[in-house]
There are 2 protein chains.
Amino acid sequence: MGDGQPVTSDWIAGSVNTNPVVVRRLLSALAKAGLVSSIRGSAGGSVLAQPAGRISLAHIHRAVDEEEGPALHNQTPNQACPVGRGIQPVLVRIIDRAEAAKEAVLATTMLSEVVAAIRAEAG
Amino acid sequence: MGDGQPVTSDWIAGSVNTNPVVVRRLLSALAKAGLVSSIRGSAGGSVLAQPAGRISLAHIHRAVDEEEGPALHNQTPNQACPVGRGIQPVLVRIIDRAEAAKEAVLATTMLSEVVAAIRAEAG
DNA sequence: ATATCTGTAATCGTAACTGTTACGTATGTC
DNA sequence: GACATACGTAACAGTTACGATTACAGATAT
């Protein structure tokens, strides 16, 4: 993967110490986002769909955590209360900004850099 | 609360549309962080322990979400694999930076501003 | 054909959280 | 002092989310 050789979900599962199906579910999300393409059948596996230098951590984050709007409140607040009525849009606005800042940082690091750092770390 | 009048957990629960005990649990966390002080007994409730202009959303966030280090991996990765061995410190470093950026944004908005925004929103 | 691999559905176990009830403790009021 | 009011917490059930597993259909190289 990245070397061009397809990697099987079994192999990744062995490295991450989990079940192959769990890996396939994540890989499936990455494939839908166009970051990875998977090859079925014998000698199959997954390959990067783009060069590692063009895939940012923000891309990965968005692909895997596909939350649709922050579930700010469990129960909708009491609309009869002025606070309950007004708090929702205000907080959504602020949280969106904070989340955007986080993503901006993730967008600055590319997958290739992570790979390089891992190589350096593990010798 | 903020006006100096103590607010009861019952009152907040009515506004947020949940149970008073749930509110008290959160209030307890805020009290431990020194953001709120609670008054027991009749005519009791909770009051801000600091002026709203000195309490940032980052303070609140830290007080309520007291996660100790990101639970990056569920199962520890396979240490026999060079990737599994090296990925952990690398990702922790990056995620910490991203989380710090998020908190930096939250630190710029004070509780007083949120209150003002809510007042404007709800008329 | 057969051995591999992915893609997905179905299930089970578990951790985390909410909602509730219950009860002890503190405190203002009469 | 008796009483009503509120917090602080423990205990427990119901729900939700997620990971781990099993099972099986479809695709593909040899």
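Per chain, numbering begins at 1; letters A, B, ... match sequence-line order. Reckoned from all heavy atoms, side chains included, excluding hydrogens, waters and symmetry mates.
- Under 4.0 angstrom from either OP1 or OP2 of dT5(D) there lies no side-chain N or O belonging to Thr8(B).
- Asn19(B) has a side-chain polar atom (N or O) that falls below the 4.0 Å cut-off from OP1 or OP2 of dT20(C).
- Between Ser38(A) and dC5(C), a side-chain N or O to OP1/OP2 separation shorter than 4.0 Å is absent.
- In this structure a side-chain-to-backbone donor-acceptor pair under 3.5 Å is missing from Glu99(B) to Asp96(B).
- Straight-line distance from the CG atom of Leu27(B) to the C1' atom of dT9(D): 14 Å, rounded to whole Å.
- Along DNA chain C, the nucleotide nearest to Asn17(B) and the one nearest to Ala31(A) differ in position, and the one closer to the 5' end is contacted by Ala31(A).
- When every heavy atom of Gly86(B) is checked against every heavy atom of Pro89(B), the shortest pair comes out as O-CD, 3.4 Å.
- When each of dA29(D), dT9(D), dT21(D) is scored by its nearest atom to the side-chain atoms of Ala43(A), the top-ranked nucleotide is dA29(D).
- Distance Arg25(B) CZ to dT18(C) C1': 7 Å, rounded to the nearest Å.
- When the P atom of dG8(D) is taken as reference, atom CD1 of Ile12(B) falls 11 Å away, rounded to whole Å.
- Counting to the nearest Å, the C1' atom of dT18(C) and the CG atom of Leu26(B) are 11 Å from each other.
- Listed candidates were dG19(D), dG24(C), dG7(C). Nearest to the side chain of Arg24(A) is dG7(C).
- Taking atom NZ of Lys32(B) as the reference point, atom C1' of dT9(D) lies 10 Å away to the nearest angstrom.
- Closest to the side chain of Val21(A), from the set dA9(C), dG19(C), dA20(D), is dA9(C).
- To the nearest angstrom, C1' of dA27(D) lies 6 Å from CZ of Arg40(A).
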Distance-only criterion, 3.5 Å: show the donor-acceptor pairs between side-chain atoms of residues 49-56 of chain B and protein atoms not counting sequence neighbours.
from     : atom 1 : to       : atom 2 : distance (Å)
Gln50(B) : NE2    : Gly34(B) : O      : 3.3
Ser56(B) : OG     : Ala58(B) : N      : 3.3
Ser56(B) : OG     : His59(B) : N      : 3.2
Ser56(B) : OG     : His59(B) : ND1    : 3.3

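- Residue order along DNA chain D, read from the 5' end via each residue's closest nucleotide, puts Asp10(B) first among Asp10(B) and Ile39(A).
- For the pair Ile94(A) and Val114(B), the minimum side-chain heavy-atom distance is below 4.5 Å.
- Without hydrogens or angle criteria, Asn78(B) side chain to Gly84(B) main chain gives no donor-acceptor distance under 3.5 Å.
- Phosphate proximity of dT29(C) to Ser42(B): absent, as no side-chain N or O sits under 4.0 Å from OP1 or OP2.
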